[in-house]
Each structure stands twice: as C-alpha cells, then as structure tokens.
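So the structure is just underneath, and the comments pick up after that.
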Amino acid sequence: MTTHTNAAPVQRVSVVSTGEVRIRPEHRAATRKPMYWWLATSRRWTEPLPINVYVVEHRDGLVLFDTGQDRASVTDPAYFPGGPVGLVYKRLARFDIASHQTLTARLASIGYDIRDVTTAVLSHLHQDHIGGLRELTHAEIVVSRREWETLDEPAPEQKGLLRSHIRIPGLRWKYIDPRPLTDPALAPFTTGHDLFGDGGMVLLPTPGHTPGSLSMLVRGSHHPPLLMVGDVTYDSALLEAGHVPGVGEKRRLMDTTAMINEMRRRNPGLTVLAAHDPGAAAALTAATHGTRLAEAARA
C-alpha cells in the first residue's frame, strides 16, 4: 500500500488498555455450536484479554479508536440489566478493571490529558467500546449511522447495547455513512469515510460482529499502514486463518474477514490491530518503532 504524502498529519500512534476481559473460547473463535448453546453450557474462559483503546496523534487533534470499558461496570451493581438478560451478560464476559485503568488515567500514563481528545471513533456500540464516553463530553463522537440505528431496533439490551450508557446527555455525536472512495490503495474496499479529508485516517465498513461495525485505516509517514478492526477478530492470526468470532452474523463476518485478508494480501506491510488481541500492543510497537529505527539508520 502506498502511503499518501498528504497522510503526514498522523504523527504518533499508541495503545492503552482500560482493563482486562475474559470471554468464552467459543466467543473468541466460532464453533458449530449455536451462540446460546455455548453460552449456556461452556465452563471455560479465555486468558485475560486487553480492552484496547488506540490513540492517534493527528495535526487536527487527538483521536481515539474506541473508548474502552467503564470501571463502573465492576463497581456499580446496577450497571448491567437484571433478570435473565443480566445473566447473559454474566455468562458472556468477566471484567477486571483497576482504579488506575480509567480512560483518563490511561491517557495520562502516556502523556495526554483527556481534554486533548477532539474525536473518538467507535468501532461499534458494545459496552467494552463505549465505556469512556462519560469522560468525553468535550469531544466529537463518531459512529456509523447504521450502528446508531440498532439502538432503536427491538431488544437492544439482548444485543449488547446498553442505551443508558450510550445516550448520555452532553455528548456530540456525528453519524457517518460510507461513501464511494476512488483510492485504489483501499481495495477491495470501495466505500468509506475519510475522517479529515487527508487520506491519513479512513473509516471502512466492516459489518458482521454488529450491523454497523467500522474499522479505521491509519496511514502516516512514520509507520506502515495500520488497520484497527474492533471485534472483527480477537486475534490477528485467527483472522489471517479465516476464523471468525462466535458473536455476530457469521456470513457477514466471513465476508468482512475475506476482504481484510485480501487487503492484507495486497499490502504485506499492513498491521491488523484488534480490540482484544493480546499481541496487538507488541505488533503496534514493532510496526512503528521498527520503521523509525530504519529511518534513523538511513539518515
């Protein structure tokens, strides 16, 4: 993939984690078991997985991709629904979030003030991606229009959408629709949304985990292309092998996975960064630090 010369506004890319989550193995990689069957019968949990928030320093402001999990989810007994729906949430995931793992604290740990954030892009609206919204009333929150529409569809809580933690008074939302793109470097994707109009950060429709899931391609002069994919996969190696998660619409997940793998095939330097991939932080470090070392050696 050719990095655009006008993508230079992207200066630095980092990752922080707002805690850890354990999920079912069948959630991480789909099996032949229907979701509610494995959810009711599985007795195993994965190892702790990160809850990643990607931080992009752009000349027009600091941009987040996802906002992590709210610590209130482990301190407030009323955070989740009660009854049978609440039981599903308990069976689906276990969270561990320390007091120093709020979004504000994690950004401070890498040298940023929460008020430096001008834009937060949400891959989708599940709880472990919207947890920092209460800390971002000063920023613009970007989500796909299709994803936003799911809040008004029947039984949103049963689909992982906690509306009271999303429709927070004071937030400034921006709803985007994929538009035709003429950049051949984005193939096989043909639609998307150029966040700042400079080619450096392009939002791509990657439905399947949810109907309106987005990924974000980040291109800059200091690193190879980075594709942040939310929950399209829980592990870059699983995605490369064609395995899809156990939550979502399987056919659409398979189609999206095939498109991302085709983009990676066309662009061998592309680094895929998922929200809960334990190897994502190391992959990001290798992609960005390695490039800078090479540039320093040439200089």
Side-chain angles (χ1 to χ4, degrees), residues 12-24 27-28 45-57 61-82 85-141 143 157 160-172 228 230-231 234-235 273-285:
R12 178 187 177 195
V13 184
S14 310
V15 61
V16 295
S17 179
T18 62
E20 295 178 330
V21 62
R22 293 175 183 263
I23 58 177
R24 303 294 181 179
H27 186 164
R28 188 176 192 175
W45 296 95
T46 64
E47 72 279 9
L49 306 175
I51 307 170
N52 287 330
V53 175
Y54 293 98
V55 185
V56 183
E57 193 173 314
L62 195 66
V63 180
L64 305 183
F65 186 71
D66 286 332
T67 69
Q69 178 80 359
D70 191 342
R71 188 164 187 265
S73 65
V74 299
T75 61
D76 181 359
Y79 187 87
F80 292 105
V85 175
L87 181 60
V88 170
Y89 280 86
K90 290 180 181 178
R91 293 283 303 168
L92 197 61
R94 289 180 175 177
F95 295 97
D96 184 7
I97 306 169
S99 59
H100 66 278
Q101 292 179 312
T102 64
L103 181 60
T104 296
R106 297 303 293 131
L107 287 177
S109 74
I110 60 170
Y112 296 115
D113 188 287
I114 189 71
R115 296 200 63 83
D116 294 335
V117 178
T118 59
T119 307
V121 177
L122 301 179
S123 64
H124 61 294
L125 293 173
H126 284 167
Q127 49 157 328
D128 50 333
H129 300 261
I130 56 88
L133 288 181
R134 294 185 191 277
E135 301 166 72
L136 293 168
T137 54
H138 60 283
E140 183 174 74
I141 313 300
V143 67
E157 289 184 340
L161 303 173
L162 301 178
R163 289 187 291 189
S164 64
H165 302 310
I166 297 170
R167 287 176 166 161
I168 299 170
L171 288 181
R172 294 189 291 113
M228 301 162 186
D231 287 354
Y234 292 93
D235 185 302
L273 302 169
H276 305 294
D277 187 346
L284 178 59
T285 298

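These numbers come from the heavy atoms of this one structure, side chains and all, not from hydrogens, waters or symmetry mates.
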Glu157 backbone acceptor or donor facing Tyr89 side chain under 3.5 Å = yes

Heavy atoms, side chains only, cut-off 4.5 Å: are His276 and Val21 in contact?
-> yes

Could you walk me through whether Met228 and Val56 pass side-chain contact (heavy atoms from CB on, under 4.5 Å), step by step?
-> CA-CA 11 Å; Met228 301 162 186; Val56 183; 4.0 Å; yes

Using a strict cut-off of less than 4.0 Å between a Lys/Arg side-chain nitrogen and an Asp/Glu carboxylate oxygen, indicate whether Glu47 and Arg28 qualify as a salt bridge.
-> yes

Side-chain heavy-atom pair Leu92, Ile23 within 4.5 angstrom cut-off = no

Stepwise, does the side chain to side chain donor-acceptor pair (under 3.5 Å) test hold for Thr104 with Arg106?
-> CA-CA 6 Å; Thr104 296; Arg106 297 303 293 131; over 6 Å; no

Under 3.5 Å side-chain donor-acceptor pair for Ser14 and Arg12 | yes

Looking at side-chain heavy atoms only, is the closest gap between Asp96 and Val74 below 4.5 Å?
-> no

Rounded distance (nearest 0.5 Å) linking atom CG of Leu133 with atom CG of Leu103 = 9.5 Å

State the OH-OG distance between Tyr79 and Ser164, to the nearest 0.5 angstrom.
-> 7.5 Å

Take Leu284 and Val13 through the test side-chain contact (heavy atoms from CB on, under 4.5 Å) and record every step on the way to the result.
-> CA-CA 8 Å; Leu284 178 59; Val13 184; 4.0 Å; yes

Give a yes or no on whether Arg115 atom CZ has more than 12 heavy-atom contacts from other residues, nucleotides or ligands under 6.0 Å away.
-> no

Would you find a donor on one side and an acceptor on the other, under 3.5 Å apart, between the side chain of Asp116 and the backbone of Asp113?
-> yes

Are any of the side-chain heavy atoms of Thr18 and Thr102 separated by less than 4.5 Å?
-> no

Testing Thr67, Asp66, Asn52 for side chain to side chain donor-acceptor pair (under 3.5 Å) with His129, which one passes?
-> Asp66

Arg24 side chain vs Arg91 backbone, donor-acceptor pair below 3.5 Å | yes

How long is the gap from CD on Glu20 to OG1 on Thr46, to the nearest 0.5 Å?
-> 10.0 Å

Classify the angle between the aromatic ring planes of Tyr234 and His27 as parallel (below 30°), tilted (30 to 60°) or perpendicular (above 60°).
-> perpendicular

How many angstroms lie between CD in Gln69 and CD1 in Ile51, if you round to the nearest 0.5 Å?
-> 5.0 Å

CG/Leu49 to OG/Ser17 distance, rounded to the nearest 0.5 angstrom?
-> 9.5 Å

Okay, side chain of Tyr112, backbone of Glu57: is any donor-acceptor separation there less than 3.5 Å?
-> no

Spatial distance of atom CG (Leu136) from atom CD1 (Ile130) [nearest 0.5 Å] = 11.0 Å

